[in-house]
S.K.: 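Below: one structure in structure tokens.
What you see is a predicted model, and the numbers here were worked out from it, not measured in a lab. Because only heavy atoms are used, hydrogens play no part in the values below, and waters and symmetry mates are left out as well, while side chains stay in.
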Protein chains: 2
Amino acid sequence: MTGRRSPSPDAGPARRTPQRRAIRRAFETAGRPLAPEECLARARREVPRLGLATVYRNIRRLVAEGSLRTVELPGAPARYELPRAGHHHHFHCRACDGVFEVDDCPGGFGALAPGGFRLEGHEVILYGLCAGCAP
Amino acid sequence: MTGRRSPSPDAGPARRTPQRRAIRRAFETAGRPLAPEECLARARREVPRLGLATVYRNIRRLVAEGSLRTVELPGAPARYELPRAGHHHHFHCRACDGVFEVDDCPGGFGALAPGGFRLEGHEVILYGLCAGCAP
DNA sequence: TTGGATGCAAACGCTTTGCATAATT
DNA sequence: AATTATGCAAAGCGTTTGCATCCAA
């Protein structure tokens with residue numbers, strides 16, 4: 001046996017708490033990837049005393065469980081989204097800072113990698129103005 | 001007139017210091033984008049007492065001058081590279097964490113943006129193993 | 001009752017800034 | 001001599017962790 005009990009991490013089966021419900025609901029109702037702070041703001045509508053640390057802990061757990069997926073962005077805090085069907089990318093609005101799903105992928109990356117490099121994956125991020133911010 | 005003298009920022013014409021020389025040389029000899037810490041390590045070979053803050057300040061100034069370009073990456077500290085000719089993207093090695101230039105671009109992003117969105121730019125990051133790390 | 005979950009605050013890693021000192025022009 | 005540049009340490013920002021308390025099972 002390990003001999004050393006888990007330090008404090010949320011290891012066992014998840015318990016049903018109002019915080020968890022509110023956090024999960026924030027993602028379900030957003031319809032787009034959320035940053036932790038955005039998730040906090042939304043979830044606080046249900047649980048006003050909710051703390052940011054709780055949001056981070058739950059996001060981490062949901063990601064580990066596969067109920068949430070991490071969306072890493074260049075030069076911006078990560079967003080988190082509910083897992084969707086196919087391979088897709090994201091659009092980052094320069095005005096409202098919102099992130100939106102983009103269903104498709106141009107493909108054709110195989111030829112880009114320099115000789116001797118092994119290509120294992122890719123990321124595409126589109127920038128501009130979302131429908132709500134475009135004039 | 002402004003009436004208030006510059007707070008402390010490096011505003012005037014750049015002076016020639018050994019630190020600056022070493023920092024610029026770090027990028028010139030690297031042949032690939034560098035993170036601030038990588039730049040520090042390289043520049044310290046010439047100026048051992050060089051401080052990290054000095055590296056950050058000089059990088060910021062070089063970027064403002066256009067002598068250096070920022071390479072932002074998802075979930076990783078930004079790199080900085082000497083400005084090259086055409087539009088290009090980057091390859092991020094999962095093993096050594098190094099970043100390398102990729103000369104081409106697949107294009108074809110125009111069709112991806114959702115309806116009503118205004119596409120203004122894009123970023124592509126390739127992942128895998130660089131020539132030095134590939135088996 | 002009991003171990004996981006929460007909230008608050010402190011700690012962290014990366015980056016920026018304040019300030020006294022060192023160095024360039 | 002006048003100022004900018006440097007180095008160090010402290011502050012900021014987003015994220016994680018420690019800990020006493022709270023609560024679901």
S.K.: Tabulated below should be each protein N or O lying under 3.5 Å from an N or O of nucleotides 8-11 of chain C; please produce it.
M.R.:
| residue | atom | partner | partner atom | Å |
| --- | --- | --- | --- | --- |
| dC8(C) | OP1 | Arg49(A) | NH2 | 3.0 |

S.K.: Are His122(B) and His89(A) linked by a side-chain donor-acceptor pair shorter than 3.5 Å?
M.R.: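 His122(B) vs His89(A): no donor-acceptor pair found between side chains.
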S.K.: Take atom CG of Leu40(B) and atom P of dG13(C), then tell me their distance rounded to the nearest Å.
M.R.: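 Rounded to whole Å, this separation is 17 Å.
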S.K.: I'd like to know if Arg42(A) and Glu38(A) make a salt bridge, using a cut-off of under 4.0 Å between side-chain N and carboxylate O.
M.R.: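 Salt bridge flag = no for Glu38(A) with Arg42(A).
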S.K.: Answer yes if Val102(A) and Tyr80(A) sit in the same cluster of Ile, Leu, Val, Met, Phe, Trp and Tyr residues linked by side chain heavy atoms under 4.5 Å apart, and no otherwise.
M.R.: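 Not linked; separate clusters.
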S.K.: May I ask you to check whether over 12 heavy atoms, not counting those of Arg44(A), lie within 6.0 Å of atom CZ?
M.R.: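 Yes, because the 6.0 Å sphere around CZ of Arg44(A) holds more than 12 heavy atoms from other groups.
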S.K.: Under the rule for side-chain hydrogen bond (donor to acceptor under 3.5 Å, both in side chains), what residues qualify as partners of Glu72(A), not counting sequence neighbours?
M.R.: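 Checked Glu72(A) against side-chain hydrogen bond (donor to acceptor under 3.5 Å, both in side chains); zero matches.
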S.K.: From CD1 of Ile59(B) over to P of dT17(C), roughly how many Å is that when rounded to an integer?
M.R.: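 One finds 15 Å between P of dT17(C) and CD1 of Ile59(B), rounded.
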S.K.: Would you say Gln19(A) reaches dG7(C)'s phosphate, i.e. side-chain N/O to OP1/OP2 under 4.0 Å?
M.R.: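 The answer is yes; a side-chain N or O of Gln19(A) sits under 4.0 Å from OP1 or OP2.
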S.K.: Map Ala78(B) and Asn58(A) onto DNA chain C by nearest heavy atom, then report which one ends up closer to the 5' terminus.
M.R.: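 It is Asn58(A) whose nearest nucleotide is closer to the 5' end.
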S.K.: Can any side-chain N or O of Arg32(A) pair as donor or acceptor with the backbone N or O of Gly98(A) at less than 3.5 Å?
M.R.: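 Judged by distance alone, no pair lies under 3.5 Å.
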S.K.: Tell me, for nucleotides 20-25 of chain D in 5' to 3' order, what letter each nucleotide earns: B for a base near a protein heavy atom under 4.0 Å, S for only sugar-phosphate near one, - for neither?
M.R.: ---BBS
S.K.: Apply side chain to side chain contact (heavy atoms under 4.5 Å, CB included) to Asp97(B) and list each qualifying residue two or more places apart in sequence or on a separate chain.
M.R.: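 Asp97(B) satisfies side chain to side chain contact (heavy atoms under 4.5 Å, CB included) with Arg79(B), His92(B) once adjacent residues are dropped.
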S.K.: Out of dG7(D), dA5(C), dA5(D), which has the shortest distance to the side chain of Arg61(A)?
M.R.: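 Nearest nucleotide to the side chain: dA5(C).
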S.K.: Say you draw a straight line from CZ of Arg61(B) to CD1 of Ile23(B); how long is it, rounded to the nearest 0.5 Å?
M.R.: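 That separation rounds to 11.5 Å.
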S.K.: Please report the distance, rounded to the nearest Å, between CG in Leu52(B) and P in dA11(D).
M.R.: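 My rounded result for the distance is 18 Å.
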S.K.: Heavy-atom contacts under 4.0 Å between residues 21-30 of chain B and DNA chain D, which residues?
M.R.: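 Correct list: empty, so none.
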S.K.: Could you tell me whether Phe117(B) and Phe91(A) have their ring centroids closer than 6.0 angstrom?
M.R.: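 Yes, the ring centres sit under 6.0 Å apart.
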S.K.: Partners of Thr70(B) by side-chain hydrogen bond (donor to acceptor under 3.5 Å, both in side chains), sequence neighbours excluded?
M.R.: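 Per chain and number, Thr70(B) pairs via side-chain hydrogen bond (donor to acceptor under 3.5 Å, both in side chains) with no residue.
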S.K.: Given dA5(C), is OP1 or OP2 found less than 4.0 Å from the side-chain N or O atoms of Thr54(A)?
M.R.: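 For dA5(C), OP1/OP2 do not have a side-chain N/O of Thr54(A) under 4.0 Å.
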S.K.: Quick check against the 3.5 Å criterion: does Arg20(A) have a side-chain atom that pairs as donor or acceptor with the backbone of Arg15(A)?
M.R.: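 Yes, because the side chain of Arg20(A) sits within donor-acceptor range (under 3.5 Å) of the backbone of Arg15(A).
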